[in-house]
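Heads up: the structure comes next, in structure tokens.
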Protein chains: 2
Amino acid sequence: MARNKRDVDRAQKQEEIELAATRLFLEGGYDATSMAAVAGAAGVAPNTLYWYYANKDELLIAVLNRLMARTLEVRAGIAELPLPEQLLWLIQVFEQAHNLVLTVHGRLDQSKAIFDWHAQFHQKLEALLVATLVAQGMSEEEAVTLATAGTFIVEGLLSHPHTLEQREKVIRWLLSKGWKPDDSYFV
Amino acid sequence: MARNKRDVDRAQKQEEIELAATRLFLEGGYDATSMAAVAGAAGVAPNTLYWYYANKDELLIAVLNRLMARTLEVRAGIAELPLPEQLLWLIQVFEQAHNLVLTVHGRLDQSKAIFDWHAQFHQKLEALLVATLVAQGMSEEEAVTLATAGTFIVEGLLSHPHTLEQREKVIRWLLSKGWKPDDSYFV
DNA sequence: ACCTGAACACCGTTCAAGT
DNA sequence: ACCTGAACACCGTTCAAGT
């Protein structure tokens with residue numbers, strides 16, 4: 001499976017495009033960022049993007065996969081931290097890309113590719129959360145429900161302005177269900 | 001504050017436009033429904049819409065207010081039902097317009113008008129939920145947290161495919177926190 | 001294989017002109 | 001006050017042509 005010169009070049013070009021797209025999507029939002037703007041930032045003609053990506057949604061998916069890979073790397077390094085730390089870290093990660101979370105939800109009905117990506121994303125996220133909760137001694141059944149509710153609450157926080165106090169209160173409430181966090185963490 | 005002939009005519013025209021827009025937005029989605037399509041369904045020229053609404057977002061807000069008014073009317077009739085019934089009814093209402101819920105969230109960063117509408121919507125919804133919970137004997141503080149978490153979970157269900165079994169499980173989990181629903185409801 | 005200039009169909013919105 | 005035809009700037013995407 002050795003990659004020849006040509007593959008490397010292709011991968012490099014795609015990296016340039018995806019880095020530009022990531023920056024612009026995060027800064028200005030998906031809808032407000034035109035394909036021409038991405039192309040300009042990557043130093044190519046607008047229609048060149050269509051050599052690498054079938055359409056704008058596929059470019060978004062490439063960006064999302066890149067962000068997810070980077071996030072999984074970081075998370076591997078903090079897997080040993082206590083649960084509340086991990087959850088608050090997760091919220092902050094999603095918050096940085098809250099733009100794109102809302103965009104993905106908004107395009108669920110309009111793009112099958114986005115719909116499929118979203119489904120597998122939540123599958124992976126739930127598996128990760130459940131494994132973490134079970135490792136802490138929670139039952140599988142309890143863990144699944146808590147993972148689902150936790151995901152919804154994290155996503156809810158992203159699209160609704162709130163104070164840090166409100167955030168702490170609802171997270172504390174969530175975790176107090178089957179699991180007792182160290183209250184001192186929040187002080 | 002009596003309305004003269006002219007006002008009545010204007011209101012009638014707006015009703016025609018908003019009914020057409022409501023149908024098209026719910027069926028095909030906001031993005032996929034062009035102003036020209038709304039105008040066509042209402043029997044006017046595309047640019048005529050701009051006499052009544054400053055832009056497409058304002059038309060969306062008019063549609064949302066119409067849906068909300070109708071929903072509040074229906075809800076007044078079921079205010080005496082037990083809490084789980086009311087909550088499941090709410091989910092089903094949101095589900096019918098889940099399209100527009102996701103659209104509103106997706107446009108939060110791009111339209112101040114939508115942002116403001118969303119803020120006041122959640123203010124009203126929370127006030128209604130808290131009042132309902134307090135009337136059932138819950139403390140104000142507890143009610144606020146449960147209302148927030150409940151809203152997020154309802155919205156989470158809207159954007160994530162799930163079985164009825166999953167829905168029942170997470171709703172049951174939510175309500176089991178400070179309040180004991182009649183389990184037989186779910187059977 | 002990769003890239004581009006030119007074009008296409010469409011979009012939200014504006015404007016000058018009509019009644 | 002209300003409505004419209006025509007136009008504007010922009011969009012995602014396609015295609016034929018280049019290397």
Side-chain angles (χ1 to χ4, degrees), chain A residues 2-18 20-21 24-25 27-64 100 103-104 106-107 109-114, chain B residues 2-18 20-21 24-25 27-64 100 103-104 106-107 109-114:
Chain A
R3 295 200 285 168
N4 60 20
K5 182 77 159 48
R6 186 128 263 160
D7 281 343
V8 169
D9 285 351
R10 182 180 174 86
Q12 268 177 9
K13 200 71 174 204
Q14 280 183 293
E15 179 161 28
E16 280 174 39
I17 293 169
E18 288 165 20
L24 293 175
F25 286 170
E27 282 172 11
Y30 176 76
D31 279 331
T33 301
S34 67
M35 291 295 265
V38 174
V44 295
N47 49 359
T48 297
L49 300 182
Y50 291 88
W51 177 257
Y52 295 98
Y53 310 94
N55 50 50
K56 199 181 178 186
D57 283 313
E58 294 292 344
L59 175 57
L60 173 59
I61 286 173
V63 166
L64 294 172
L100 298 186
T103 296
V104 166
R107 298 197 59 69
D109 289 342
Q110 293 167 59
S111 161
K112 174 163 167 41
I114 295 286
Chain B
R3 296 200 285 167
N4 59 21
K5 183 74 159 48
R6 185 129 264 159
D7 281 341
V8 170
D9 285 351
R10 182 179 174 87
Q12 268 177 9
K13 200 72 174 200
Q14 280 183 291
E15 179 162 26
E16 280 175 39
I17 293 170
E18 288 166 21
L24 293 175
F25 286 171
E27 283 172 11
Y30 177 75
D31 280 330
T33 302
S34 67
M35 291 294 264
V38 174
V44 294
N47 49 358
T48 298
L49 299 183
Y50 291 87
W51 178 258
Y52 295 98
Y53 311 94
N55 50 49
K56 199 181 177 184
D57 283 314
E58 293 292 345
L59 174 56
L60 173 59
I61 287 173
V63 165
L64 293 171
L100 298 186
T103 295
V104 165
R107 299 197 59 70
D109 288 342
Q110 295 166 56
S111 161
K112 176 164 164 39
I114 295 286

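Throughout, protein chains are lettered first and strands after them, A, B, ... in sequence-line order, and every chain is numbered starting at 1.
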Check: Are B:Leu49 and B:Lys56 side-chain neighbours, meaning at least one heavy-atom pair lies under 4.5 Å?
Finding: no
Notebook entry, point to check: If we only count heavy atoms from C-beta on, is the B:Lys13 to B:Asp9 side-chain gap below 4.5 Å?
Noted result: no
Check: Of the non-hydrogen atoms in A:Met35 and A:Asn55, which two are nearest, and what is the gap between them?
Finding: CE-C, 4.3 Å
Any side-chain N or O of [X] less than 4.0 Å from the OP1 or OP2 oxygen of [N]?
X: B:Tyr53; N: C:dT13; result: no
X: B:Tyr50; N: C:dC15; result: no
X: B:Lys13; N: D:dC3; result: yes

Note to self: Using Watson-Crick or G-U wobble geometry with both distances under 3.5 Å, which nucleotide pairs with C:dC11?
What the structure shows: none
Check: If pairing requires Watson-Crick or G-U wobble contacts with both distances under 3.5 Å, which nucleotide is the partner of D:dG18?
Finding: C:dC2
Note to self: Rounded to whole Å, how long is the line connecting atom CG of A:Leu49 with atom C1' of C:dC2?
What the structure shows: 13 Å
Note to self: In this structure, how many angstroms lie between the C1' atom of D:dA7 and the CE atom of B:Met35, rounded?
What the structure shows: 17 Å
Note to self: Heavy atoms only, 4.0 Å cut-off, all strands: where does A:Ser34 land among base, sugar-phosphate and nothing?
What the structure shows: sugar-phosphate
Margin query: What I want to check is whether the side chains of B:Glu18 and B:Tyr52 have a donor and an acceptor closer together than 3.5 Å.
Written below: no
Notebook entry, point to check: Out of C:dT13, C:dC2, D:dC2, which has the shortest distance to the side chain of B:Arg10?
Noted result: D:dC2
Item checked: Nearest-nucleotide pick for B:Trp51, side chain only, options being C:dT13, D:dC2, D:dT13 -> D:dC2
